[in-house]
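Just so it is clear: chains get the letters A, B, ... in the order the sequence lines come, proteins before strands, and each one is counted from 1.
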Amino acid sequence: MGHLDAVGACGVEVRLPADLRGLDGLIIPGGESTTISMGIESAGLADGIRDLHAAGRPILGTCAGMIVADREHLGLIDITTRRNAFGRQLASFEDEIELPGIAEAPVRAVFIRAPWVEQLGGSVEVLAELRGHPVAVRQANVTALSFHPELVGDDRIHRWFAAECGRAEAGL
Amino acid sequence: MIKGGVIMDVVDAEQARIAEQAGACAVMALERVPADIRADGGVARMSNPRMIREIQESVSIPVMAKARIGHFAEAQVLQSLNIDYIDESEVLTPADESNHIDKFAFDAPFVCGATNLGEALRRIGEGAAMIRSKGEAGTGNIVEAVRHMREITSGIRELSTLTRTELPTAAKNLAAPLELVRDVAERAWLPVPVFCAGGIATPADAALMMQLGAEGNFVGSGIFKSDDPERRASAIVEATTHFNDPERVAAASEQLGDAMPGIEMSALGDDGRLAGRGW
């Protein structure tokens, strides 16, 4: 939320379907994918999120959000993911990642119990790989990242996402 | 890192699966929940590593486990098990009456209990990555958790009103590191997440603590000492997520069966209080 404010976007927390009304884009953040999936189900958010997706609004899934967006969960992007693929908490790490189209210079990426992309459909573009596995992918209006962009001081990813939301809003 | 949600005490793989299915964001693996530690008496120690491994194998969410205050060898053992978080906990019998664990010496993140802002900052100064209120574990009585959460948040508010000149004296009075005091005064919050623990028994308890500033809740005896653990676990997750929505908290509170029986603080006496352990 702090990063969104910093790049001039107005962030709101989504807990209930009514919170989805009028959004220009949606970030599905990190956390535990089991917990987030249950929260989406118990609050009845899935249909509203799919409507946003169908309307072409930009959607960004980060860490657990990548898992929640995949084929086996909300089905927003044609990938399957492997949970905790890089290991448990003690295996957490940081690395420099190139994200063509999002940031010109590499970004510092924080991986905590992070997933990777296991399988992907033909129309999914791989933006970045690490240790031989995709960790940043994109299909149409949905982008999924294995790492936590909100945990670094660098707000370029949020700035890019806010600009995407602006372009979608303007119908470009 | 864990920034919100509900962390549940579990004593075996079956309870861990129930917690995960209910939407817990992590589980705390321990041999006895605090209510049983109270009832049984004796020395409470780190859990058996085999039981911790079984729980790690049964769920995909993070698994935490407790070490005694100051018992860095128990913490080393837990880290060697590839545990996701270590709780240096007053619920276990303290191993060192003067010193807490040097948490910077570990790669595994630590959570520690606190009753006020000074205590929270001392633990962060030793390397804690998460703070929880101590409350009074195993009582099903929320009054101590409320006191501790209010002590922490009002302490933060007070610091944020002070000038730079006044902060060294504040640090002295808090018995806390000056650098951390300056940081808290500037950001008007702790540099790590703050959860509530110690006494949550109902969905309304969970909602209360969130409205008092907790970023998430630990629930120990409250779930598996109640009539219907599955429903109560889901209901407490629901109330923690939708803490500002009394209708949803009400709906979650229906048909839960009986909560755990509680203990009045005056019935504990000073010796029966766990929150006084650590400094």
Side-chain angles (χ1 to χ4, degrees), chain A residues 1-3 5-6 12-19 27-45 62-68 70 72-73 81-94 109-115 147-153, chain B residues 1-8 16-17 19-27 52-53 56-57 59-65 78-86 106-111 129-130 187 189 193 210 215-216 233-245 247-248 251-252:
Chain A
M1 285 291 171
H3 279 25
D5 290 344
V12 294
E13 290 186 2
V14 174
R15 290 173 193 270
L16 294 170
D19 301 328
I27 298 176
I28 308 176
E32 285 302 315
S33 57
T34 49
T35 309
I36 296 174
S37 296
M38 279 173 232
I40 287 173
E41 190 184 331
S42 80
L45 284 168
T62 65
C63 194
M66 170 190 261
I67 300 170
V68 172
D70 78 3
E72 289 161 357
H73 296 84
T81 51
R82 181 154 162 209
R83 296 195 57 194
N84 302 339
F86 291 99
R88 303 187 73 96
Q89 182 77 33
L90 280 168
S92 302
F93 63 98
E94 296 182 19
V110 180
F111 293 81
I112 303 174
R113 296 168 51 87
F147 50 91
H148 284 270
E150 80 285 5
L151 292 182
V152 291
Chain B
M1 68 189 285
I2 299 174
K3 293 201 279 192
V6 181
I7 300 164
M8 301 183 192
R17 279 189 288 269
E20 183 176 46
Q21 288 301 314
C25 69
V27 291
I52 293 171
R53 275 192 207 285
Q56 286 174 315
E57 284 160 14
V59 293
S60 65
I61 55 178
V63 178
M64 303 184 169
L78 292 175
Q79 177 164 284
S80 79
L81 297 174
N82 214 350
I83 201 82
D84 294 301
Y85 271 78
I86 298 169
F106 291 80
D107 291 327
F110 275 74
V111 53
M130 180 189 223
R187 68 170 86 216
W189 196 241
M210 295 296 287
E215 293 168 83
S234 300
I236 288 177
V237 170
E238 172 85 359
T240 300
T241 308
H242 300 284
F243 63 88
N244 269 330
D245 188 338
E247 287 174 17
R248 287 188 80 97

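B:F106 does not touch chain A: none of its heavy atoms, backbone or side chain, sits under 4.5 Å away. Of the atoms belonging to B:V63, heavy atoms from both backbone and side chain fall under 4.5 Å from chain A. At a 4.5 Å heavy-atom cutoff, the contact between B:A24 and chain A is made by backbone atoms alone. Using a 4.5 Å cut-off between heavy atoms, B:I2 does not touch chain A at all. For B:Q79, the parts lying near chain A are the backbone and the side chain together; criterion is any non-hydrogen pair under 4.5 Å.
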* Test side-chain contact (heavy atoms from CB on, under 4.5 Å) on B:R248 and A:L16 and set out the steps. => CA-CA 11 Å; B:R248 287 188 80 97; A:L16 294 170; 3.3 Å; yes
* Could you give me the CA-CA distance, side-chain angles and deciding distance for A:R113 and B:D84, then say whether salt bridge (charged side-chain N to carboxylate O under 4.0 Å, His left out) is met? => CA-CA 9 Å; A:R113 296 168 51 87; B:D84 294 301; 3.1 Å; yes
* Can you list the steps and then say if A:T34 with B:V59 is a side-chain contact (heavy atoms from CB on, under 4.5 Å)? -> CA-CA 10 Å; A:T34 49; B:V59 293; over 6 Å; no
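For the options A:H148, A:M38, A:R83, heavy-atom pairs under 4.5 Å to chain B are most numerous at A:M38. Heavy-atom pairs under 4.5 Å with chain A peak, among B:C25, B:P62, B:G23, at B:P62. Of the residues considered (A:S92, A:A43, A:G30), A:A43 shows the highest number of contacts with chain B, using heavy-atom pairs under 4.5 Å. Among A:I112, A:I36, A:T35, the residue making the largest number of heavy-atom pairs under 4.5 Å with chain B is A:T35.
Atom CD of A:E94 is surrounded by more than 12 heavy atoms from other residues, nucleotides or ligands within 6.0 Å.
Scanning both residues, A:S42 and B:E238, for their nearest heavy atoms gives OG-OE1, 3.3 Å. The heavy-atom pair separating B:H242 from A:R15 by the smallest distance is CE1-O, 3.2 Å.
Proximity of B:L81 to A:R88: side-chain heavy atoms (C-beta onward) are nowhere separated by under 4.5 Å.
Separating the CD atom in A:Q89 from the CD1 atom in B:I86 is a distance of 10.5 Å, to the nearest 0.5 Å.
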